[in-house]
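Remarks on the structure that follows.
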4 protein chains.
Amino acid sequence: MHRPLKQPRMTREEKARDTYMRILEAAAQVVGDDGYADASVSKITRLAGVAQGTFYNYFESRQHVFDKLLPYMGRQMLDHIRASVAAELTGADREEARLRAFFAYLAQHPAFYRILYEAEIFAPRAHAEHFRLLADGYKGALGRAVERGEIQGYSEPELEAVIYMLLAARAYLSMRYVHDGKGGGALPDHVIDAYVKLVTRGLFTPPGGPGGGGG
Amino acid sequence: MHRPLKQPRMTREEKARDTYMRILEAAAQVVGDDGYADASVSKITRLAGVAQGTFYNYFESRQHVFDKLLPYMGRQMLDHIRASVAAELTGADREEARLRAFFAYLAQHPAFYRILYEAEIFAPRAHAEHFRLLADGYKGALGRAVERGEIQGYSEPELEAVIYMLLAARAYLSMRYVHDGKGGGALPDHVIDAYVKLVTRGLFTPPGGPGGGGG
Amino acid sequence: MHRPLKQPRMTREEKARDTYMRILEAAAQVVGDDGYADASVSKITRLAGVAQGTFYNYFESRQHVFDKLLPYMGRQMLDHIRASVAAELTGADREEARLRAFFAYLAQHPAFYRILYEAEIFAPRAHAEHFRLLADGYKGALGRAVERGEIQGYSEPELEAVIYMLLAARAYLSMRYVHDGKGGGALPDHVIDAYVKLVTRGLFTPPGGPGGGGG
Amino acid sequence: MHRPLKQPRMTREEKARDTYMRILEAAAQVVGDDGYADASVSKITRLAGVAQGTFYNYFESRQHVFDKLLPYMGRQMLDHIRASVAAELTGADREEARLRAFFAYLAQHPAFYRILYEAEIFAPRAHAEHFRLLADGYKGALGRAVERGEIQGYSEPELEAVIYMLLAARAYLSMRYVHDGKGGGALPDHVIDAYVKLVTRGLFTPPGGPGGGGG
DNA sequence: AATGAATGAGAGTTCATTCAT
DNA sequence: TATGAATGAACTCTCATTCAT
């Protein structure tokens with residue numbers, strides 16, 4: 001029944017960290033629900049359970065939380081994808097796994113859709129940075145595929161363009177098939193098939209080389 | 001007995017039409033420059049050279065102009081693409097021509113970028129309708145390619161998914177290579193090459209069939 | 001089948017008169033439905049079937065129609081009451097007849113309620129004038145009752161106060177029992193009884209004098 | 001170790017209460033002077049000495065202050081009347097005292113006239129509630145008069161109608177003799193006499209019963 | 001006399017931000 | 001550090017009125 005010896009539940013620093021995170025998470029949820037445009041400071045602080053003024057002890061301005069949102073959730077998403085994709089997968093199989101992992105993350109974190117795609121408008125710096133990060137990761141992966149001979153006939157700058165097209169595909173497929181709402185959050189199989197087919201044929205060379213035993 | 005050819009420069013009706021267009025064009029420019037979120041009625045009317053109240057003689061609300069913007073410019077863009085793409089082009093060549101025409105339009109109408117891509121957030125109805133329109137046009141084109149045997153191995157719903165990926169590619173390539181600003185509005189050739197390569201290999205079957213004489 | 005010799009259906013003057021009346025009646029209806037505060041010029045002209053500008057050919061301002069409304073309908077109402085009350089009625093019977101006639105008019109012209117009672121706020125000049133008119137008519141009637149010995153013990157200025165109380169009773173009874181809406185427009189009998197009883201006892205002396213054979 | 005009796009002049013809560021009251025009183029005065037229709041938020045806040053935005057920290061909307069005005073001043077008025085009318089007064093004497101107290105309150109609070117009578121239009125809910133309150137208080141009083149035998153020959157629903165007529169009398173007498181402005185706020189004696197006479201004869205039975213020793 | 005487009009003042013309301021407590 | 005009241009600029013929208021046609 002007595003109080004445990006442990007110090008006050010949180011040190012001052014921990015408490016500050018906690019408040020920061022509460023505000024950030026609240027912002028994520030509000031933006032996810034209402035979009036950046038309607039994510040007022042008052043909604044965010046109300047949800048976070050702090051006073052409006054407190055907000056400005058942790059963020060310089062409303063825009064500043066917005067700028068933190070995508071980096072914060074984007075890292076989560078990348079971690080999720082990385083953890084989901086088996087290390088030994090290569091080529092188109094790896095692509096498929098990444099796509100599935102992305103949509104799985106989206107299904108678990110519905111707020112992420114708006115945080116990500118509205119960021120181009122409301123947090124353009126963060127958005128650009130996020131895409132650079134994604135693209136860089138991708139570049140490494142495709143670079144290794146090139147080295148393994150899985151990909152042929154694309155120059156390095158061309159590969160960058162391809163990467164943006166793949167990221168684009170993700171975005172629009174989630175917009176069209178998930179966010180619009182009938183699918184209940186899951187991507188239909190034929191859509192995954194189409195993606196895999198396009199990428200396999202378009203990017204990855206079948207083992208025997210192009211024109212080999214493809215099909 | 002005959003009336004002079006023109007009494008007033010414009011009839012009342014023409015003048016009304018002119019005012020409507022002035023407001024609409026002003027709205028397009030303001031949205032192009034500042035985005036929907038910062039496109040206030042006062043900015044629009046100032047640019048159009050009319051009083052704020054006049055705005056509401058022509059549009060029920062700020063949202064209502066927003067809803068007209070994409071249909072208005074989208075039709076322009078489609079007309080431009082249709083006019084630019086030679087009728088006899090087929091297959092990947094046609095795809096390339098379409099891509100180039102799109103980017104040419106974008107270079108001539110820089111406002112269109114934001115009007116189009118921010119519409120998902122600020123004029124979702126118009127945005128959805130616009131994409132349905134594009135996708136339908138595309139479906140017809142790809143359907144004919146299927147009939148000609150240029151495309152093989154894709155079911156109809158898969159083709160729909162492919163269409164959304166191609167539209168996605170356009171969007172992200174314009175975001176990355178044009179809108180971000182260094183290219184001065186033109187898409188670098190290697191990007192077009194990458195697009196064409198991906199689509200050619202991924203979608204279009206070389207004359208002799210897959211695995212034929214491709215390369 | 002041929003046009004009758006009669007001049008154009010209406011002379012210019014008649015047509016103007018007609019337009020004037022159309023606007024006035026439209027104003028009456030709009031004020032009756034929405035109240036003075038929400039009776040915009042555009043609503044009125046739309047209902048009247050004329051252009052907004054036409055309004056100002058007939059009335060100097062919005063306030064000016066408002067000022068015409070109560071005189072116009074008030075006269076109608078007085079005519080109705082005068083026509084409804086049998087000439088030979090006297091004393092409390094006459095009062096009852098007047099009350100019933102007033103409520104009958106109200107039931108037939110629902111717009112009149114608001115036109116009359118909101119006028120104190122929105123057309124105070126007309127309102128005061130209307131009540132002066134009513135009071136003057138009343139004064140004559142009560143003066144004759146005094147001469148007949150039906151009323152005793154009230155000085156002339158006291159009678160004026162009584163008149164205002166009687167008019168007040170009308171107003172509040174219509175507010176409470178008719179306008180609030182359950183009665184379907186008719187005044188319940190017990191309310192009329194209460195009115196008649198109060199007035200009979202309070203104002204009119206029974207034939208044998210006060211304290212005579214009353215009951 | 002002890003705290004000085006007062007640190008800040010007002011605690012935060014007191015200050016908030018003060019601001020609320022300042023706005024409410026300012027609204028009362030503006031409505032009293034200009035009527036509800038012309039009582040703009042900007043006039044109210046200017047008079048209250050706060051920023052326009054502050055208004056919306058205390059009231060959801062302009063309409064919401066309007067809805068508070070009559071309850072606030074109505075309670076004041078009732079308290080005043082209750083305090084002014086000697087407990088031992090009964091019958092018509094009590095009525096006279098009430099009438100005098102009402103007009104005394106009106107003379108001290110000129111704003112109350114418009115707040116009360118325009119409320120039927122601009123704050124109908126509050127108006128209805130106010131009258132229900134008044135009528136209920138009256139019902140109790142008249143009910144006791146009936147029990148004491150002071151009132152005879154009126155059924156209960158008839159008494160309700162009478163109550164509305166008495167309230168109506170108040171309203172119109174104040175409109176005619178006070179608000180119109182010549183009397184300087186006081187009701188002429190002959191008007192009070194007329195009211196008392198009408199009510200005495202009409203409602204209250206003289207000690208010996210109707211037809212007794214009256215006169 | 002009739003039209004209806006144009007005007008612009010002014011309304012109510014929102015909200016990011018500040019700051020005294 | 002946390003609070004929440006106060007601020008005021010900026011917004012969208014309404015509408016009586018004017019006036020060229």
Side-chain angles (χ1 to χ4, degrees), chain A residues 12-13 15-16 19-20 38-46 49-65, chain B residues 7-13 15-20 37-45 49-64, chain C residues 12-13 15-16 19-20 38-46 49-65, chain D residues 7-13 15-20 37-45 49-64:
Chain A
R12 195 173 304 207
E13 206 179 331
K15 199 149 167 281
T19 304
Y20 177 90
D38 289 332
S40 68
V41 173
S42 109
K43 274 185 194 172
I44 293 170
T45 52
R46 202 178 314 132
V50 299
Q52 269 205 83
T54 303
F55 180 92
Y56 290 89
N57 293 334
Y58 292 90
F59 299 93
E60 276 179 41
S61 70
R62 177 177 175 252
Q63 186 57 49
H64 272 71
V65 227
Chain B
Q7 321 144 241
R9 211 65 187 175
M10 300 189 194
T11 69
R12 263 231 267 239
E13 205 178 333
K15 230 182 137 244
R17 182 80 199 153
D18 176 66
T19 303
Y20 176 89
D38 289 329
S40 67
V41 173
S42 110
K43 276 184 190 170
I44 293 170
T45 51
V50 298
Q52 274 210 62
T54 302
F55 179 92
Y56 292 92
N57 291 338
Y58 293 91
F59 300 94
E60 279 180 41
S61 70
R62 178 178 175 252
Q63 185 58 49
H64 271 70
Chain C
R12 195 173 301 207
E13 204 180 331
K15 202 154 164 278
T19 304
Y20 177 90
D38 289 330
S40 68
V41 173
S42 110
K43 273 184 193 171
I44 293 170
T45 51
R46 202 178 314 130
V50 300
Q52 269 205 80
T54 303
F55 179 91
Y56 290 89
N57 293 333
Y58 292 89
F59 299 94
E60 278 181 41
S61 71
R62 180 178 173 251
Q63 186 59 49
H64 271 71
V65 226
Chain D
Q7 320 142 240
R9 209 64 185 178
M10 300 190 194
T11 69
R12 263 230 266 239
E13 205 178 332
K15 230 181 138 246
R17 182 80 199 151
D18 178 67
T19 305
Y20 176 88
D38 288 331
S40 69
V41 173
S42 111
K43 276 184 191 171
I44 293 170
T45 52
V50 300
Q52 272 209 69
T54 302
F55 179 92
Y56 291 91
N57 291 339
Y58 293 91
F59 300 94
E60 280 181 40
S61 69
R62 178 180 175 253
Q63 185 59 50
H64 271 72

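Proteins come first, then strands; the chains are lettered A, B, ... in the order of their sequence lines, and each starts at number 1. All of these numbers come straight from a predicted model, not from anything done at the bench.
Q63(C) has its CD atom 14 Å from the C1' atom of dT17(F), to the nearest Å. Protein atom CZ of F55(A) is 9 Å distant from nucleotide atom C1' of dA16(E), rounded to whole Å. As a whole-Å value, the separation of E13(A) CD from dT1(F) P is 12 Å. Between the OH atom of Y20(C) and the C1' atom of dA1(E) there is a distance of 17 Å, rounded to whole Å. When the P atom of dA2(F) is taken as reference, atom CZ of R12(D) falls 14 Å away, rounded to whole Å. One atom, CG of D38(C), and another, C1' of dT14(F), lie 11 Å apart when rounded to the nearest Å. Between the CZ atom of F59(B) and the P atom of dC13(F) there is a distance of 13 Å, rounded to whole Å.
Residue contacts for S40(B): at a heavy-atom cut-off of 4.0 Å it reaches the sugar-phosphate backbone alone, with no base atom in range. Residue Y58(D) is classed as a sugar-phosphate contact, given heavy-atom separations below 4.0 Å to backbone atoms only.
Judged by distance alone, the side chain of T45(D) and the main-chain N or O of V41(D) form a donor-acceptor pair under 3.5 Å. A donor-acceptor distance shorter than 3.5 angstrom exists from the side chain of T19(B) to the backbone of K15(B), with no hydrogens or angles considered. Judged by distance alone, with hydrogens and angles left aside, the side-chain atoms of R62(B) form a donor-acceptor pair with the main-chain N or O of A39(B) at under 3.5 Å.
Distances were taken from every side-chain heavy atom of Q52(A) (C-beta onward) to each of dT17(E), dA16(F), dT7(F); the shortest belongs to dT17(E). Among the nucleotides dA2(F), dT7(F), dA6(E), the one closest to any side-chain atom of T54(B) is dA6(E). In this structure, of dG4(F), dT3(E), dG12(E), it is dG12(E) that holds the atom nearest to the side chain of V41(D).
Taking 3.5 Å as the limit, the base of dT17(F) and the side chain of R62(C) contain no donor-acceptor pair of atoms between them.
Each of T19(B) and K43(D) has a nearest nucleotide on DNA chain E; the 5'-most of these lies closest to T19(B). Each of N57(D) and G53(B) has a nearest nucleotide on DNA chain F; the 5'-most of these lies closest to N57(D).
Partners of Q63(B) by side chain to side chain contact (heavy atoms under 4.5 Å, CB included), not counting sequence neighbours, listed by chain and number: S61(B), F66(B), D67(B), A123(B). Every side-chain hydrogen bond (donor to acceptor under 3.5 Å, both in side chains) that D18(D) has, sequence neighbours left out, goes to R22(D).
With contacts defined as side-chain heavy-atom distances shorter than 4.5 Å, the pair V50(C)/Y58(C) does not qualify. Contact check for Q52(B) versus I44(B): no side-chain heavy atoms found under the 4.5 Å cut-off.
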Watson-Crick or G-U pairs under 3.5 Å in DNA chain E, rendered as dot-bracket with [ ] for crossing pairs and | for another strand
.||||||||||||||||||||
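Remark: Y56(B) is not in phosphate contact with dT14(F), judged by side-chain N or O atoms under 4.0 Å from OP1 or OP2.
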